[in-house]
Structure formats: structure tokens, C-alpha cells
2 protein chains.
Amino acid sequence: MSPDHTHSDIAIAAGDDVDHDESNPRPRAMTSTTTTTAEIDSAISHPGSVRINVQGAFIVDGTEQPNTPANGYANTNGSYHEGKDIRLPNHTAVVSHVAVDIGGSLAKLVYFSREAHSTEPGGRLNFHSFETDHIDDCIEFMRHLKDNQLALNGSRPTDLCIMATGGGAFKYHDKIKKALGVDVLREDEMTCLIIGLDFFITEIPREVFTYSETEPMQFVQPETDIYPYMLVNIGSGVSILKVSGPRKYERVGGTSLGGGTLWGLLSLLTPAESFDDMLDMAAHGDNAKVDMLVGDIYGTDYNKIGLKSTAIASSFGKVFRMGREAENEVEDSDHSVHDDPSRDRQKQDPSDTTTTSSSQPKIRADGASRFAASDISRSLLYAISNNIGQIAYLHSHIHGLSHIYFGGSFIRGHPQTMNTLSYAIRFWSKGQKQAYFLRHEGYLGAVGAFLKRQPRNWGRRGSFEGDGAALEDRLRERNGSGGGQEMSL
Amino acid sequence: MSPDHTHSDIAIAAGDDVDHDESNPRPRAMTSTTTTTAEIDSAISHPGSVRINVQGAFIVDGTEQPNTPANGYANTNGSYHEGKDIRLPNHTAVVSHVAVDIGGSLAKLVYFSREAHSTEPGGRLNFHSFETDHIDDCIEFMRHLKDNQLALNGSRPTDLCIMATGGGAFKYHDKIKKALGVDVLREDEMTCLIIGLDFFITEIPREVFTYSETEPMQFVQPETDIYPYMLVNIGSGVSILKVSGPRKYERVGGTSLGGGTLWGLLSLLTPAESFDDMLDMAAHGDNAKVDMLVGDIYGTDYNKIGLKSTAIASSFGKVFRMGREAENEVEDSDHSVHDDPSRDRQKQDPSDTTTTSSSQPKIRADGASRFAASDISRSLLYAISNNIGQIAYLHSHIHGLSHIYFGGSFIRGHPQTMNTLSYAIRFWSKGQKQAYFLRHEGYLGAVGAFLKRQPRNWGRRGSFEGDGAALEDRLRERNGSGGGQEMSL
């Protein structure tokens, strides 16, 4: 039997978070959130037989021990279980698919599980990531899910269907299909990103937030009047999408300077073993040790064009010259040892005692050792984030978009990254545009693929690939009476 | 006596290069250029007493042994004499100033010298650069010029005046003034860039060119109808200026990812000792060894959004994963040595023999050694150049500018850099905008400061800081009768 014939109707409904208080300046991301009886009950239904009941949905606190299959699965090789499951307390029906978004660096997995070992009703959406290089681990995990389908969600192992998106959905399609013996359906990456983002924006309380140093995590209430907006998805590389309506999008730009650039360069320049190592180091670094600031060039502000002395004029701009100084000092040391003081040259910073030993070969590793890994990490994080922020702003200006959502696994909830992106948008737009972040920023595509599961009677109530008229109807309905219980995505 | 009271009238006139043939696809940059009898004689005169006679001016072939003081001065510490002097065969009057543009990484010097040891009449503009870290060498060179003022240009040593711009004009002002005992006049950096660029665009034949792989160096005839245009000046950092008329400019943007970033990171990652080493390495590298291409993620093109499989999805995107592989292999080697084959893991690319010795510590230098310096250099050069190209395009689009001039010492006439910048502009603008380059790209500010020398009777014929009405008059005159012999800049 084909998987397309096995899933039952699935209905998940969500209640808006009426407890949400925009005026509360404290971050509430780390506190457990239970939703009140929803003022507005709603449902997302796939056309036809697939319905997702999101009533009462909320994000589970990261400190709560998740009741997920991940607990029984050894985390190796960068496999990572997110601590931000979305609880679906009212969902009990069978789910027979999992979704995976396989990017250049990370494979992101979303799957549903019942609260099997708990007295709690319903189930939850689980979020799990793997390094794409260890795609075999990801496949093994999906095999683990397949083998436990009955306990997880009432489905049979042979009924499992994999919804795959991202470049790896194409590159690894045959490999996954062969390894698991199940159907692997490929979905367009950009379309899935937008479906996932629309879901998070419109349905999940305490998902979307703004960031600033004074108000680190200011949640935005789920809303329905969301178009047009811009999505800046930062994975290994960066894609910038203009979204003018449901499923109406255009990739307007992008840059190859993304997460892969940060991770790749820092893996060469620092002892960091993981992305999170790098972010931890960056948190303690001082970019002014490697960046050339306006003040380093001018000795003061450059007031005429409004550049402060602390503005970064050149990322890593101090490295080349300081590396040369280091070499000169090594040469000096050598000559001193050989009792040839006549060749001593001026040392511009005699207080600097980090000069490398003269016994070491004069290779570039000497230069790298002069600079702290934390400073290098901070500088590169700033450079990449600032650059993405500027390019995002310029595209948003050209297309007249004031809401800019940042998604993708580059961000990882890292305060400095979000602060830099937010600041860049505020700076360039003179406060006219706003950066938004998401707690599940890395899972937009995977969630979109999960939601895009095509039902058996696909197309009966209108094409999923259409112009989004169904979602528009849903939004209109909510904006009007607010009484719509089940609407089509 | 103050230097302001010593210089005589200086008149230099230039003839347009009527021999210029736009339809000739061959590069002519490396051939010696002599100007014909000019159809349009012209002159640039500073208001009042300073006049620069550019009649018959031409760029001297780099292979010709220059008759400059630089020959008697030892080149050390990155001091560099450009081989592209501008011959001013009709200029014989006294010049009593030199100009220096001191940036974050390089100090660029422009000075006039008579053809003292030659039977040739007139003189030439000389171009010389120093690393800003060796500003003392630059000052010594200026002292050398000062001591030889009489032979160089008929002035007295005590009459010398330094026109200084760039951030270092402020940072090193007192140092230079004290060391040389002469006046040091500070000029605004952006203003000087524009004055210098206007001069090169409008007056110097075979200075400005376009670049493409099929037509590497296509010269553009000097023209007068030049506004509005955009200048992207790439030094340690990048400034982007919108120029709407003579002296009418606005700094609309910039990025900290510039030359300093390239030089800094490559000095950490490669054995290169100089900027030119880095460019030489980049010329032989293959960025696909370190960059993640669309095809690496998809296994094919991503046709839906028009991304070819060879497009760079993530700069350095292969490095992190390959570095991890290398570590795994090192671990494997260790275990093999200790006779523990059970812990051998899969080697994804057994043909790769560059694995580091297991006797080495597992530091990042191992990772770096896995990647060729040439491949790293090529990747970073592409990344920085593409990024500048995209940002430049976006600003030009917002401001409606179709002529984009690239200046600054980052370019250094390097074919791949120019090709990448040109391609980026063509790609993003769908062929609607054009990138222009200059043979003296690094000296815009220095030449601008040189030309900005204020005469004794400053302001008599109109303020230099005015709205450029004088230049506009000049341009009108040229566009009209073409008979104007002397015009104000």
C-alpha cells in the first residue's frame, strides 16, 4: 500500500496566546508557556484529508525533559535535538509522515510524536538536526522513527512517507528511498520556507520576536495581516525572498557570505570544534583587536560623513599590518640572539609580549597565534552579520518591504548575531524597518515540508500549488468574525 | 616664508587622444602612448595662480625606465613606485607641493618632477605608495623630495608644502609637520577622491577602461558629460559615493569587507608575504575546492530560481565539513597505529592523500594545510569582490546611477578582481549598468589633493569649495565650441 493511502484525517487547532503582553520588556523565551483557553480557535487543514489540529499549541520549555524518541537515540556527530518542541495537546490522530530539509551544512528534521510515555494527551512536533555530512545518521534516525511508527503516532512502519526539501532532497533522494524503502516526496525549498514561515507567524504564540540590547526578546503576537514581507534565510549561504502573498514569492537576491563562510573560516582560524563553540568564543571576543576602526585611521571621528571613531572601517584590517610587525619582531629576536643589534628595528608596541618564539618557523600559524580566537570569531561574526543586514536592507528598500524576517540555522538564537542584524536594519533604514526572528528559525523549510504533505484526495478542494486563495480565505475569515474553526493552508 | 607665497604660476594643458579607437578590442594598456596633436587643447587651471598644464599629457609605459627620484631611493618595506607616470611634456614651471593620501593600509604619494636627467622637456606626475605602518619611510621619502626640490621642480626646500588627505592626514599631521618642518594642509578624503576621479575621467587619455574576459581592457575616451555617477572606492574598507555634479557628492554606503579583509585573512591563512603574492596565488587557485556550489547541495542546477550548479552558494562552505573529515581521518590514523581498527570510520574520499600526519597535534593548522593557499585566495577574492559588486549595484539601483567607477588600492589592475566586479554589475543590473576601472585607481585621493593645492590668491576667482560652477563652465565650454584653452577645475 502506498503511503498516500494510509494517513487518516489529522486535525490540529491552535489558540492564540491571549496572555501575551507586548509591554513586558523582559524576555520570556526561557519560561514555560501554557496557553489560555483560546479566544480564537482555529485550525489549519490541508485540503482534503490532512488536517493538523493546533488548538492549544504552545512551545515547550527547553528545560523540560522531552518525551521524544530522541531520548532513546544516541546523539553523535553533531546530531542535535532542539529543546523547543511544539506541544499539540489536542492532537491524537495518526500521522504517517516526517519531513526533512537537507541543506548544504545541516539536515533539519520535523516529526510528530504522541505523548506515549506520559499521561498527557495529544502529542508534539519534534525538531532535530544533523550535519549533512552525516546524512547516514539522519537516515538511521528516520529508520528509528519508522520502526517506532506505531508507538509514535499510530501509523505502520511501511506507511511512512518522507517529505524532503532543500538541495539534499534531490542529491540524496535515491539514497534515502533505498535505505528506508519508503516514498520520498520532494518539495521545492523556497516554497517550503514560505509555508513554514507563514505557519509560525500566523499560528504559533511566542514564536516571533524582535531583538534589541535593551529588550532582548520582545514577542510579537501571531497575526494574519502579514503581507508583504521579506524573508532572509541564512544557512550555509543566504537567500532573500520577497513574499507578497500566500505562496507568492520571488527570490530577489542572496549572498554566498553566510553561515558556511563563518563556520569554514573559523574552523581554519580557531580551535572551535562546533558552531556553538564558535558562537561562545565570539561572545567573549573584542573585534577591535583585529578590525580597523575609523579611529585607527583618523585618530578621531570622521564627522563630515557621520562615521564614529568606533565604526568598523575594515574587518580584519589590523591583521595584515600586525602580522608584519610580528614577523619583524621575530626577525629582531633572531638578530638579537645572534648579537646583531644594529639590525634591530623599531618595535611599535613594545608592551606587546605575545611575540612568537624565534624558534618557530615563520609560517602563518605564527600570525594566527598573535590573535585571540575569540577576537577573530567576534570580528567575523560581526562582518558576516553586518553584511547580510546591509544587503537585506537594500533589497527591502528597493522592494518597499518593512517587515524583514530572519530565518535559517546561522542565527541559532545567538544574541550578538541577532543584535547585529537588528542594528543593521535599524541603522540603514533609519528606524523605518524592523527585523524579526523566530525561535524555530532553522526549521522553516522542514515545517513547510511537513505541512505540505499531500493528502490522498489531493486537489479536491483546490490546488496546493495555486495562488494561495485558500489561505487568503482563511485570513479573511479570521480577520472578520474570528470564528473560523477550520481553514485551508 | 610660507609655502603659500612661493609657488609660481603653473600651467599644464592636455590634448585629447584622438588616436583612440573604441572599436579596437585589443588591450592597449601596456603599450607606450604618445598623443597626437590634440584636436581639443585644454587646460586645467586652479583659480588664481596655480595652473596645471596638461597639454599633451599621456601615461608612460611601465617598461620605460622612469626618470624619477624613486630611482635614487631604496625600496624597502613595501614602498612601491608605480610604473605609470603621467608625462606632462609641456609643463616647465615650478611646483612646490607634493600630495599624500594616507589610508588605513597604504599611503599614496603624488609629486611632480622635471625631466632633469633627460633631454625631454617638461616633467611628469609620479605615483608612489608606502605601507601606512611604515609611515616613517613615507616621511623619509618626502624629506628626500624636499631636499631635492630645486632639481625636481625649481622650488626651494623650505617652500615645500604637503597636501595631505585620508585618515592619516589627521592622525599623522603633527608627526609629518614636525619631521619635515613644512606646512601640512589637510584636505577632506571624499572631496579629494572626487576631484581626482573627475580629473582622470575628463582629462587623461587611456586612463579609464571597461573590463570583460573577452575584451579585457577597452579604453573609454575622456568625456565631459560625466554626471551623475557612482564611485566605489575600495581600500582597506569600502566607501560608496553618489556624485551628482562637480564637488556634489554624498557617501551613500560602504562596507567593512574590503581590501583589509582580504589581506588580513589571507595573511593568516596562506604564506603570502604581500598583496601581490596573494593576487598571484588567487590567479592559480580553484575556488570550487573550498566553496560550496549549488551543485554540491543539489547535485544539479536549481532551475526554479535560476541558479546554476556552478554558482557559489556558500563561500568557504566546504571547509568546515572537510575539516571535520580530516580530523576523523587523523583519529583513524591514530587508532590504526594503535591497532584498533574497530574504530576506523568511513573515509568519504579515499583518493585524498593530503591528510595530515597523525604525529601532528590536532590544531587548526591541520585544517588549513588541507586546503591549497591558492584555492583559499581565489575563494576569498571572489567572495569580497562579488560582495562589493552586489552592494554597489544595489546602491546604484536605488540612486538611479548607471556609471559605476571602481577605485582604490584593492584592485591593483588584477584581472580576476576586475572581471568579478564587472560581472557582478552586469549580472545584477541585467546589463543595464557598467563598471569602469582606472589605471591609477589607487591614486584618486592623492591626485585630488595634489590638484586641490590652494593658490596664494585663493578665492579671487571663486571658491574652491563652491558648487563647482567653474568646472561646469569649463565642461559647457568644451561641449560647445571645444575651443576653451584654460578652464577652472
Side-chain angles (χ1 to χ4, degrees), chain A residues 103-105 131-133 167-168 170-171 188 190 236-237 251 253 255-261 263-265 267-271 290-292 294 296-300 302 304-305 312-321 323-325 363-365 367-368 383 386-387 390-391 394-395 397-398, chain B residues 103-105 131-133 167-168 170-171 188 190 236-237 251 253 255-261 263-265 267-271 290-292 294 296-300 302 304-305 312-321 323-325 363-365 367-368 383 386-387 390-391 394-395 397-398:
Chain A
S105 299
E131 290 180 19
T132 302
D133 274 347
F170 297 84
K171 187 171 181 183
D188 177 69
M190 302 294 155
S236 304
R251 187 183 189 273
T255 166
S256 70
L257 291 166
T261 316
W263 304 325
L265 283 172
S267 75
L268 293 179
L269 292 167
T270 76
V290 295
D291 289 347
M292 187 183 286
V294 167
D296 293 319
I297 304 175
Y298 273 78
T300 176
Y302 184 3
K304 185 167 176 184
I305 55 176
I312 301 171
S314 173
S315 296
F316 289 88
K318 275 180 185 153
V319 170
F320 183 75
R321 46 198 291 183
R324 300 274 287 227
E325 281 173 37
I363 57 168
R364 290 299 130 171
N386 265 324
N387 192 63
Q390 179 177 187
I391 291 176
L394 291 169
H395 280 290
H397 182 85
I398 288 171
Chain B
S105 299
E131 290 181 18
T132 301
D133 274 347
F170 298 84
K171 187 171 180 183
D188 176 70
M190 302 295 155
S236 304
R251 186 184 189 274
T255 167
S256 69
L257 291 166
T261 316
W263 305 324
L265 283 172
S267 74
L268 294 178
L269 293 168
T270 75
V290 295
D291 289 348
M292 187 184 287
V294 167
D296 293 320
I297 303 175
Y298 272 79
T300 175
Y302 185 3
K304 184 166 177 184
I305 55 175
I312 301 171
S314 173
S315 296
F316 289 88
K318 275 181 185 154
V319 170
F320 182 75
R321 48 199 291 183
R324 299 274 286 227
E325 282 173 36
I363 57 168
R364 291 298 131 169
N386 265 325
N387 192 62
Q390 179 176 187
I391 291 176
L394 290 169
H395 281 291
H397 181 85
I398 287 172

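In what follows, every chain begins at residue 1, and chains take the letters A, B, ... in the order their sequences are listed. FYI, side chains are in, hydrogens and waters are out, and symmetry mates aren't considered; it's all heavy atoms of this structure. What you see is a predicted model; the values in this text were computed from it and never measured.
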**Message:** Looking at every non-hydrogen atom in both residues, tell me the closest pair between B/V319 and A/G264 and how far apart they are.
**Reply:** CG1-O, 3.2 Å
**Message:** With heavy-atom distances below 4.5 Å as the criterion, would you say the side chains of B/K171 and A/I297 are in contact?
**Reply:** no
**Asked** Most heavy-atom pairs under 4.5 angstrom with chain B, which of A/A313, A/G168, A/G103?
**Response** A/A313
**Request:** Could you tell me which non-hydrogen atom of B/W263 sits nearest to which non-hydrogen atom of A/F320, and how far apart they are?
**Result:** O-CD1, 3.7 Å
**Exercise: identify the closest heavy-atom pair between B/T255 and A/Q390** = CB-NE2, 4.2 Å
**Request:** Please confirm whether the backbone N or O of B/L257 pairs with a side-chain atom of A/S315, one donor and one acceptor, at under 3.5 Å?
**Result:** no
**Request:** Heavy-atom pairs under 4.5 Å with chain B are the metric here; pick the option from A/G299, A/G237, A/G258 that has the most.
**Result:** A/G237
**Prompt:** Does some side-chain heavy atom of B/L265 sit less than 4.5 Å from a side-chain heavy atom of A/L269?
**Reply:** yes
**Request:** Compare all side-chain heavy atoms of B/N387 with those of A/I391 and state whether any distance is below 4.5 angstrom.
**Result:** yes
**Item:** Heavy-atom closest contact (A/G260 atom, B/S314 atom, distance)
**Value:** CA-OG, 3.3 Å
**Prompt:** So do A/H397 and B/H397 actually touch side chain to side chain, heavy atoms under 4.5 Å?
**Reply:** no
**Request:** Under the side chain to side chain donor-acceptor pair (under 3.5 Å) rule, collect the residues that match up with A/S105, sequence neighbours excluded.
**Result:** A/S236
